[in-house]
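In what follows, a single structure is set out as structure tokens and then discussed.
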Amino acid sequence: MACTCVVGLQWGDEAKGKIVDLLTHDHHIVVRYNGGANAGHTVVKDGKTYKLSLLPTGILSPHMQAVIGNGLVVNPVRFLEEVKNLRDAGIAVGQNLVLSDHAHLIFPYHLEEERLFEQGSSQAIGTTGRGIGPCYQDKVSRSNGIRVGELLHPEHLRERLHVIVARKNQIISALSANAKQFDPDALCDEYLGYAKEMRLHIQDTVRLLNQAVKQGKRLLFEGAQGSLLDVDHGTYPFVTSSNSSAAGIWSGSGVPAKYLTRSIGVIKAYTSRVGRGPFPTELDDGPTGIGETIRKIGREYGTVTGRPRRCGWLDVVSVGYSATLGGIDEVTIMLLDVLSTLPEIKICVAYEQDGQRITDFPGGAFLLERCKPIYETLPGWKKDISTIRKRGDLPANAQRYIERTAELLQLPVSIVSVGPDREQTILMK
Ligand code: IMP
């Protein structure tokens, strides 16, 4: 009954996909439990680069069953597109990919609602524009939400769409006089077309997963986004609309948390963030500054939107908070090689908030906005480390950086990544 979870401890894009890929040999089923096609997972495997947004990255391993849990919001267009891309790349996708009948469906009106809310609003979140927020709103509002399982009941789906689309058209027109209007019958026909191709994958995943656990199968939970984007525990309101921390695993998969035996927290050796919201250690230091150096070397541009990511120093106040929240047992440090050109490296160890030194992460974006980072400075190693495979071969200053991070977080560092390839990995134990 051993289950593992891999969760990001920052604002997403921590390279969780690589850790999931390294762990697949030891597991039978990989499960996504939150979000949708807002995630951007890049995995380099056997020299090929795969970009996945909605499907679990574990699907790249032929022996794994891949499950999209009930906690996700699914756009059928994206789902079928990713399936096709994988098949075109020679990856077999059939009954090894299972989609929960309780996951919620994203419709084009969700994308339109989001576009109208985000555009030009002073309250904009800087979302990925994938309809994630409006779909979760409809899930929670109950009367407007439609689940994947409803795709298999054409008459029922048509009836529901007639009621919902009429309401949506009213809302959208209220937001903008020129807004698109949607036709319920056209939408229903379109989605029933998708249903034909998706039918094979749709199942009761709660039963499937709990049976698997009872049979002794090992589950690997793949988090999307990072803990600081969690709707309950992140930097609200600049968050995504799901529980992207480990807190989402139980509700988003139906597998009780008591089966989790290994919780792995993934961090970058620095911090990045896309979208709006406070970021105390951000290096907004111009085109020749360290922020831009990190962005360029780390190729910090969004996988989903292509937006340049905001970059800054590692922040152990926020990461420590995420680790506590997730009951994290061990940490993996990714993209350490990106810092190799820097003469010195900073770690944020506390904040100054209204003249006081604090080490507890403040709840809420408006409070975090008032925090200034207090740094500890370590010497850089100024040496290419991308070909190093053993801990002892790392320059002394790189080892020191890893050790100090572990000490500050009071957690062991189990893996250090020095490049995107599977081989560019240092096992610390
Ligand atoms: P949404 O999830 O599209 O609603 O976007 C809400 C916030 O979460 C925005 O700041 C996005 O940039 C951010 N976000 C969503 N998914 C990811 C991700 O996979 N990586 C990093 N940020 C993300």
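One-based numbering, in listed order, for ligands and for the atoms of each. Side chains included, hydrogens not; waters and symmetry mates left out as well; all remaining heavy atoms used.
- Residues lining ligand 1 at a heavy-atom distance below 4.0 Å are given as W11, D13, N38, A39, G40, I125, G126, T127, T128, Q225, L229, V239, T240, V274, G275, R307, ordered by chain and residue number.
- With no hydrogens or angles considered, no side-chain donor-acceptor pair links K16 and T332 at under 3.5 Å.
- Relative orientation of the F221 and Y33 rings is perpendicular, given thresholds of 30° and 60° on the angle between their planes.
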Distance-only donor-acceptor hits, side chain of residues 122-133, under 3.5 Å, sequence neighbours excluded:
{"unit_1": "T127", "atom_1": "OG1", "unit_2": "E114", "atom_2": "OE2", "d": "2.5"}
{"unit_1": "T127", "atom_1": "OG1", "unit_2": "G129", "atom_2": "N", "d": "3.3"}
{"unit_1": "R130", "atom_1": "NH1", "unit_2": "A37", "atom_2": "O", "d": "3.0"}

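- Under the side chain to side chain donor-acceptor pair (under 3.5 Å) criterion, S272 pairs with K268, not counting sequence neighbours.
- For the 3.5 Å distance criterion, the side chains of S227 and D230 fail to qualify, holding no donor opposite an acceptor.
- R160 is linked by a salt bridge (Lys or Arg N to Asp or Glu O under 4.0 Å) to E150, counting only residues two or more places apart in sequence or in another chain.
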